[in-house]
2 protein chains.
Amino acid sequence: MTEGPTITTIAQRAGVSIASVSRVLNGLPTRPETERRVLQAAGELGYVPNSVARSLKSRRSNQVGFAIADIGNPAYLAMIREIQPLLKAAGYRLVLHSTGSDIAEEIEVLRGLGERYADGLIMVPLRMTEEHLKMFHAARAPIVIIGAAPDGAPVDNVRTDSRTGVRLALAHLHALGRRRIGFLNGPPDTVPGAARAAGWAEASRALGLPAGPELTEVGDFYRADGAAAAGRLLDRVPDLDALVCANDLIALGALDVLRRRGRRVPDDVAVTGMDDTDLATLAWPALTSVSLGSAERGRAAAGLLLDRLAGDGQGPRVVTVEPRLVVRGSTAGQETP
Amino acid sequence: MTEGPTITTIAQRAGVSIASVSRVLNGLPTRPETERRVLQAAGELGYVPNSVARSLKSRRSNQVGFAIADIGNPAYLAMIREIQPLLKAAGYRLVLHSTGSDIAEEIEVLRGLGERYADGLIMVPLRMTEEHLKMFHAARAPIVIIGAAPDGAPVDNVRTDSRTGVRLALAHLHALGRRRIGFLNGPPDTVPGAARAAGWAEASRALGLPAGPELTEVGDFYRADGAAAAGRLLDRVPDLDALVCANDLIALGALDVLRRRGRRVPDDVAVTGMDDTDLATLAWPALTSVSLGSAERGRAAAGLLLDRLAGDGQGPRVVTVEPRLVVRGSTAGQETP
DNA sequence: CTCCACTCCGTAAACGTTTACCGATGCTTT
DNA sequence: AAAGCATCGGTAAACGTTTACGGAGTGGAG
């Protein structure tokens, strides 16, 4: 663990100046003899350039931050799997921030951008506060928000329309003849929770279905919360014939409860999830789910950010990904292999 | 996006030297009046220290790398979920490397350490080559390997004994009266694949079970490969009454195929997975799986690395996590809620 | 009143790069 | 043969911090 060689070490060994070393290593034109000696010295010393010093000089860290609430959520996972290779290919490292659903931590990540450890940031915020907006304006590096960013915020934005997503699910169940449809939502004070609640109200009205609060239960976006919420809802409304769930994890929790209570899926109760994660095909029966294009959104976000980093100076851009219903056994009654 | 304030900007505005600014910001003793002026100037300017410059001076990046084959694998995910908060609490950022199962990329990550962008690295290598060893010796930052590191390698090591893991699964199935037990392994040239193959041979012999190659099929560690391997094995040995799978993803693929072919699980064929990931409880029937303590190994690895970073100068340490069989419906025939 | 000790803070060097700006060398051109 | 011109590479400054060192000012002791 001795201190490593620097360009100064190389310069001494090769008998040239550090400027020449730098030039050779960066491929700038140099006399062959000089080049040879530098490369030989560098090779013998096992030289590796110090990225910190390089960053200080170049003002680029070659890192990009990615901030999400919880890596455990497979919807985010799908995004990372797209984003990481794209960034790597463009020469950027990925710094992962898992903030929990804590606003303070999200803000902290945004403030951290000021430390210049990253050249840009992709964030999937759960909530959107004044504080967020202030930080967006103050940020000195490009930011891409996956989810709804307020109009006028100086950030690129990849969004999807989960209201439409809820509508797709509801229309599908309605077409299958279901009429007592419950709704398991996430926290309504989060951006996705609010959008889904709005979509639910809107679509219910359009289809002439009841949309009273007695058909809705709320919990966090996790499986255990979904199970608990499903339990409460079934207790209150025992004759439900379908459940729309605000994400796949909630839906899986609901499936657990339904199975435990002996309700057949989809015969007695049809279930839809949202996000169309890998888990949907793992469940039994396989889960009908509204795809919000997680992978596609991840790709789009990486693309927007890389454009910015390449010097694209346009105003904020918005990419919208359309929701798409993926029908599987939990509503359609036959297995999709 | 103007250039941000530096300590020089603050020094000018506060009418002091940059040394004083630095001292105030680092909490070194200063006259109250000076401190006040510096803090006020810093506040007004919205100063955020430049972490790159700080790193250059301090020779610490406050980053730690984590390198895995694929974030999609929930066993790795469980590790990240433990590692990330521990690192964050200790003031380190997490740089995520997803290498695929490509050795060259793993080596590249190790070489990258020389760039000093990270103060340490946690790696879960799939294979272990001469090249790896060389890089371990050349590395100028502490490395923790999750998985089997060769004796004598200058790295800390968190390991588990997946041979024993396979034995646990096999003994369990044997105790349930199964005698025609197949084995779906991952690539035998990977470290875990080799260990599991050895465990299989060993335990079969000990239990007096046949362990010929006709009972083994090999594929990659993914669900689709598991399904394909299960298909081939069932074609060749139709009267199997149990399947030991080298990880949960393979087992889930096997479950798909068994269901498609109308074999009841566990009645006709019992199935065990390995890693005891979240997916095990999602499958139906829930998957009996050998826990290799992914979360625990993640915690241990983070702990070892943080010790090193705190200046612990001992020789290489090894932490071993014991495998543990978690019995669920795919072998025991009754649901575990 | 002088000297000493102490406190506070400014100057400058250092971390390891990149790069602007010459100066030296040797070749071409007239 | 002198002037001009490339070409090559060395010197030094800069990126934004931290910190060793020493100077200036203050207060107390003799």
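All heavy atoms count here, side chains included; hydrogens, waters and symmetry mates do not. Just so it is clear: chains get the letters A, B, ... in the order the sequence lines come, proteins before strands, and each one is counted from 1. Owing to the predicted nature of the structure, the values given are computational and were not obtained by experimental measurement.
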Roughly how many Å is it from [atom1] in [X] to [atom2] in [N], rounded to a whole number?
X	N	atom1	atom2	result
B:Arg31	D:dA24	CZ	C1'	12 Å
A:Ile10	D:dG10	CD1	P	14 Å
B:Ile7	C:dA14	CD1	P	17 Å
A:Leu25	C:dG16	CG	C1'	12 Å
B:Leu56	D:dT19	CG	P	13 Å
A:Arg60	C:dT18	CZ	C1'	15 Å
A:Lys57	C:dT18	NZ	C1'	5 Å
A:Arg59	D:dA14	CZ	P	13 Å

Hey, is the side chain of [X] poking within less than 4.0 Å of OP1 or OP2 on [N], counting only N and O atoms?
X	N	result
A:Tyr47	C:dT17	yes
B:Ser20	C:dG10	yes
A:Arg23	C:dT19	no
B:Asn26	D:dT18	yes
A:Arg54	C:dT18	yes

**Asked** With no hydrogens and no angle check, do the side chains of A:Asn157 and A:Arg159 hold a donor and an acceptor under 3.5 Å apart?
**Response**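 There is such a pair between these side chains.
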Mind checking [X] for me? I need base, sugar-phosphate or nothing, with any heavy atom below 4.0 Å counting as a touch.
X	answer
B:Ser55	nothing
A:Ser22	base
B:Ile18	base
A:Val16	sugar-phosphate

**Asked** After noting the C-alpha distance and the side-chain angles of B:Glu35 and B:Arg23, does the key distance pass the salt bridge (Lys or Arg N to Asp or Glu O under 4.0 Å) rule?
**Response** CA-CA 9 Å; B:Glu35 180 170 331; B:Arg23 274 188 287 260; over 6 Å; no
**Along DNA chain C (nearest heavy atom to each residue), the more 5'-positioned of B:Pro29 and B:Ala53** =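 On the 5' side of the pair lies B:Pro29.
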**Position toward the 5' end of DNA chain C (nearest nucleotide), B:Ser17 or A:Val21** =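 Nearest-nucleotide comparison on DNA chain C picks B:Ser17.
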**Request:** Give a yes or no on whether a salt bridge exists between A:Arg111 and A:Glu108, defined as a side-chain N under 4.0 angstrom from a carboxylate O.
**Result:** yes
**Request:** Output yes when a side-chain donor or acceptor of A:Thr160 lies under 3.5 Å from a complementary backbone atom of A:Val321, and no otherwise.
**Result:** yes
**Asked** How many angstroms lie between CD1 in B:Ile83 and OH in B:Tyr76, if you round to the nearest 0.5 Å?
**Response**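 It comes to 12.0 Å.
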**Request:** From the options D:dT11, D:dT18, C:dT17, select the nucleotide whose nearest atom is closest to the side chain of A:Ala19.
**Result:** D:dT11
